[in-house]
Amino acid sequence: MIHIFSNMKTKDRWLALLCVLLVCGQVYFDLRLPDYTAEITVLISSEVTDLSQYYAAGGKMLGCALCSALLTVVVGYLAAMIAADFSFDVRAKLFNKVASMGSGEIKKFSTASLITRTTNDITQIQMIIAMGLQMMIRAPIMAIWAIIKIVGKSWQLSAVVAAAVAVVVVSLVVLLAIMIPKFRIVQRQIDDVNRLTDENLSGIRVVRAFNAEQYQEDKFETANDNLMRTQLFTGRGMAFLSPIMMFVQSGVSVAIYYVGAMLINAINVPLDGTVAEIMAAVSDRSVMLGEVVSFSSYALYVIMSFVMLLMIFMMLPRAAVSANRINEVIDSDIAVTEGTETDSEETGSIEFRDVSFRYPDASEDCLKHISFSAKKGETVAFIGATGSGKSTLGSLAARLYDVTEGAVLLDGKDVSTYSFETLYDKVGYIPQKATLFANTVEGNVSFGKSGQNLTDADVGNALDIAQATDFVQAMDDGVNSWIAQGGSNVSGGQKQRLAIARAVARKPEILIFDDSFSALDYKTDRTLRQRIKTDLKGTTCLIVAQRIGTIRNADKIVVLDNGAVAGIGTHEELMKNCPVYQQIALSQLSAEELAANA
């Protein structure tokens, strides 16, 4: 847990040190109160009639109370400010770390878990800092300082306090040993609830289409019930400490006054002695009464310190679990690291040189010894059966993953040597699942740093190339129409066309279409590809597709079969010498249609 605090700002460290000093002052003023209480008790028992002495002691008590209250407010303000500032920094660092992760790292943690770590886990840390700077510092200082004040006054009364502390410590140790494992389980169960909620909301159409509402409700009910049971267990366990503390606190008061009464009674007042001896004995009894009263206050301060520690200990195990979960993300290794190259002599060329790739934790390679090249302005298509590795090839070209063996060369240089900004200025990637953001149409098309300099004419031209102009103009506000998160207020084909427009608008050297025409009709598909060929001359295109009609005019077609190259060539060449391509073509078009199209 300490590791997460290693990056705390210097300013916050100094403020935390100031909090420690202010807490020491606060404890000093609190522990002066019993001394003045004892002084007033002695004055009363000695039947002093000079009111000025009472006013002096009472005034000192009031001053200490006011100073303590003022310091409490200041410490609370500083603690809240430090906690909020620290959580802000950790949340930003965690978000930036997640943003730099590749697909492999995201899958390792899962989206639901990363959301929980960025929200709930950081909240736990913020709470422990805000309360810890007030209670965790104050409690041990107050306990030690109070014990120092009472040690040596009376071993009998000290033994009573020691017994009470022992009961509290044993209770804390036993309960925390039981609770800590449960706190780890709670955070994992929160992940499960978030995952099921996200799954149900994102797949609501499928759930309704298959009449699976009850099935999803049962799954969520199970996860929710498990979380409820675990939280009830931890809540009941921690609630058990409260009556223990109240019992100990009340018991200590009773025991101290009982033992104190015995000690006072043990001081004999010699009735047949001299006046001086009688007055001395009465004075000793008055002093002992004052000590018992002050001792009772100090003992309650010791118990109160453990009560404060109890509150922290109730939160600390869960915060420790949260800190470890945050550290897991921050300390995780990033597979795809940034290079330093910002320029290249060539433009628009890409080459796969004996590339093999294996997904993390997979048992075998999904791509094996892939080699091909594309020159500037060429169109290279990938086709094959489901699971043959077509989309993986596109991901490697866009450097969403790094190759296991071999190299992917972009403009003559390994893609891993480029800085991310340079690489993604060169490459435009349209994923298999079109992703839109909560923004306007124009905001989605000009998304990203490279899109900030686009003019209205650039956005309109990109929409026109992507065959999206008609439906965008039909919207109420045109390019200023709002797109909901994930593009939930537009159709699948419209999402794909907007995603294509977003990539086209930046005019990259290389466009990668990962099955990005699947939701388009044949006419729109053909028109869009023709516009790309005529309007974006010199742009190299890599197309992952399922339909022969989409790729048959490509300059080069790479046929994949179980992760290996089954053939490379034009449509006509592959129809002559590639059985795998022939099977795919004949499964989609008849021999007559192929001949007619030829």
Side-chain angles (χ1 to χ4, degrees), residues 348 374-384 386 390-391 393-394 428-434 441 445 459-474 487 490-508 510-560 568-575 578 581-598:
K375 297 178 181 178
K376 180 178 180 179
E378 286 187 342
T379 297
V380 178
F382 311 110
I383 196 167
T386 301
K390 305 183 298 298
S391 294
L393 270 180
Y429 178 65
I430 303 96
Q432 193 170 22
K433 182 180 179 182
V441 171
V445 174
V459 173
N461 186 53
L463 291 170
D464 194 41
I465 293 174
Q467 304 302 295
T469 302
D470 290 343
F471 80 81
V472 170
Q473 289 180 347
V490 293
S491 69
Q494 291 171 340
K495 281 198 290 186
Q496 280 195 341
R497 281 177 279 175
L498 289 175
I500 292 171
R502 179 172 56 204
V504 167
R506 297 163 53 217
K507 298 177 182 178
I510 297 173
L511 277 173
I512 303 172
F513 298 92
D514 185 3
D515 201 11
S516 307
F517 307 109
S518 59
L520 306 182
D521 61 81
Y522 285 99
K523 180 183 176 182
T524 304
D525 181 351
R526 183 174 65 252
T527 306
L528 194 157
R529 285 184 288 107
Q530 288 174 347
R531 289 294 304 275
I532 290 175
K533 194 168 186 178
T534 56
D535 291 46
L536 299 176
K537 285 184 178 181
T539 300
T540 305
C541 293
L542 304 182
I543 301 176
V544 175
Q546 301 281 358
R547 300 193 304 222
I548 291 291
T550 301
I551 65 169
R552 63 179 299 150
N553 295 320
D555 298 300
K556 191 180 296 181
I557 300 173
V558 179
V559 183
L560 296 176
I568 298 179
T570 63
H571 170 74
E572 290 75 16
E573 291 170 346
L574 293 171
M575 285 300 296
C578 183
Y581 187 78
Q582 293 169 7
Q583 291 174 6
I584 295 172
L586 291 171
S587 69
Q588 297 182 18
L589 301 170
S590 66
E592 292 78 8
E593 288 173 319
L594 288 169
N597 290 332

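Positions are given from 1 along the sequence. Everything quoted here is computed from the prediction, not taken from an experiment.
Put simply, the side chain of Q496 never gets that close to the backbone of G493: no donor and acceptor are under 3.5 Å apart. Judged by distance alone, the side chain of Q582 and the main-chain N or O of M575 form a donor-acceptor pair under 3.5 Å. Between the T539 side chain and the I510 main chain, no donor and acceptor come within less than 3.5 Å of each other. Under a 3.5 Å cut-off, the side chain of T527 and the backbone N or O of T524 do not form any donor-acceptor pair.
Here CG of D470 is found 11.0 Å from CD of Q494. Values are rounded to the nearest 0.5 Å. Interatomic distance, CG of N553 versus CD of Q530, reported as 8.5 Å (0.5 Å rounding). The CD atom of Q467 lies 9.5 Å from the CG atom of D521; values are rounded to the nearest 0.5 Å.
Smallest separation of non-hydrogen atoms from F382 and K390: O-CD, 3.9 Å. Minimum interatomic distance between V445 and A501 (heavy atoms only, all atoms of both residues): CG1-O, 3.9 Å. Heavy-atom minimum distance, A503 versus L511: CB-CD2, 3.9 Å. Scanning all heavy atoms of the two residues, the minimum distance from A468 to R497 falls at CB-CB, 4.1 Å. In terms of heavy-atom proximity, C541 sits nearest to I532 at SG-CG2, 3.9 Å. The heavy-atom pair separating S391 from Q432 by the smallest distance is OG-OE1, 3.6 Å.
Proximity of Q546 to I383: side-chain heavy atoms (C-beta onward) are nowhere separated by under 4.5 Å. Put simply, the side chain of L498 reaches to within 4.5 Å of the side chain of V472, judged on heavy atoms. A heavy-atom distance below 4.5 Å is not found between the side chains of T570 and I557. Under the 4.5 Å side-chain criterion, counting only non-hydrogen atoms from C-beta, D514 is not in contact with I430. Using a 4.5 Å heavy-atom threshold, the side chains of I568 and E573 count as separate.
The residue from I500, T550, I551 that alone fulfils the side-chain contact (heavy atoms from CB on, under 4.5 Å) condition with F513 is I500.
Geometrically, R547 engages Y522 in a cation-pi contact defined by less than 6.0 Å to the ring centre and at most 45° from the axis.
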Apply salt bridge (charged side-chain N to carboxylate O under 4.0 Å, His left out) to R531 and D464, showing your working.
CA-CA 9 Å; R531 289 294 304 275; D464 194 41; 3.1 Å; yes
Start with the C-alpha distance between T379 and I543, add both sets of side-chain angles, then the distance that settles side-chain contact (heavy atoms from CB on, under 4.5 Å), and finish with yes or no.
CA-CA 7 Å; T379 297; I543 301 176; 3.7 Å; yes
From CA spacing to verdict: side-chain contact (heavy atoms from CB on, under 4.5 Å), D555, V380
CA-CA 6 Å; D555 298 300; V380 178; 5.9 Å; no
